[in-house]
Amino acid sequence: MPGQKNTIYIKNLSEKVRHEELKKSLYAIFSQFGTILDIVVSKTVKMQGRAFIVFKEVESAVNAFKAKQGFEVFEKPMRIEYAKTDSDVILKQKRPHLEKPKKTRTPSTRDDDIPKRMKKETHRLPGGPTAEEPPNHILFLANLPDETSDLMLSMLFKQYAGFKEVRMVPNRPDIAFVEYENPLQAGTAKDALQGFKITPTNATKISFAKK
DNA sequence: AGCACA
């Protein structure tokens, strides 16, 4: 399809959120669609409330585009388009033998919180012939990065039916509890979000909370 | 109908 690109251009993002937090949140939302090569949140006035998410595969960008159109982040629905030009990372990838003509960029000044490459998470579907009722309606999250906020988590988990609330634990930024109305709904969210990353280094481990 | 790339 014409117009489809590796990079999606997002507008109508909140201008009140620090761009590092915005970036983490976008990473958390979009990493499920495939390898993210870069996220650019520019700080110039003209570019406020806009971001570019660069996927390794066009297909990932297409799925993200469809799935998250209008999805609310920090109270505002994202407006997603395809970028009109390819990102530098993509150009580099397409013509590896060519040097960039002008825009040079030193590795030391690059953001280092987006991985060079990232394995796509494969989520196993629940059930099988012997599916049984999950043991709890509360999920236990572990291996969260320090900067995780309850807002980021609720953004992700409220996408699934029956969501009630997120509870962070004082002095334990790495864990959290997420409550659903019933165990089945908790199980759906668990399977959908298993291994999601808020930062490239931390794949979240989701299990049912112990009773 | 605001398109970057410290």
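In the text below, chain A, chain B and the rest are named by the order of the sequence lines, each starting its count at 1. What you see is a predicted model, and the numbers here were worked out from it, not measured in a lab.
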Does the side chain of A:Val62 come within less than 4.5 Å of A:Tyr82's, by heavy atoms?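 Yes, at least one pair of side-chain atoms sits under 4.5 Å.
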
Nearest-Å distance for atom pair [atom1]/[atom2], residues [X] and [N]:
{"X": "A:Ile36", "N": "B:dC5", "atom1": "CD1", "atom2": "P", "answer": "19 Å"}
{"X": "A:Ile80", "N": "B:dA1", "atom1": "CD1", "atom2": "P", "answer": "19 Å"}
{"X": "A:Phe52", "N": "B:dA4", "atom1": "CZ", "atom2": "P", "answer": "6 Å"}
{"X": "A:Asp86", "N": "B:dC3", "atom1": "CG", "atom2": "P", "answer": "16 Å"}
{"X": "A:Ile39", "N": "B:dC3", "atom1": "CD1", "atom2": "P", "answer": "20 Å"}
{"X": "A:Leu26", "N": "B:dA4", "atom1": "CG", "atom2": "P", "answer": "18 Å"}
{"X": "A:Phe65", "N": "B:dC3", "atom1": "CZ", "atom2": "P", "answer": "17 Å"}
{"X": "A:Asp88", "N": "B:dA6", "atom1": "CG", "atom2": "P", "answer": "7 Å"}

Between A:Gly49 and A:Thr44, who's closer to the 5' end of DNA chain B by nearest nucleotide?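 Nearest nucleotide further toward 5': that of A:Gly49.
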
A:Tyr160 and A:Val178: side-chain contact (heavy atoms from CB on, under 4.5 Å), yes or no, with the steps? CA-CA 11 Å; A:Tyr160 300 91; A:Val178 183; over 6 Å; no

What distance do A:Asp38 atom CG and A:Asn6 atom CG have between them, rounded to the nearest 0.5 Å?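 Those atoms lie 12.0 Å apart.
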
Parallel, tilted or perpendicular: which one describes the rings of A:Tyr9 and A:Phe52, with boundaries at 30° and 60°?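 Ring orientation, 0 to 90° scale: tilted.
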
Side chain of A:Thr7: nearest nucleotide among B:dC3, B:dC5, B:dA4?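 Selected nucleotide (nearest to the side chain): B:dA4.
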
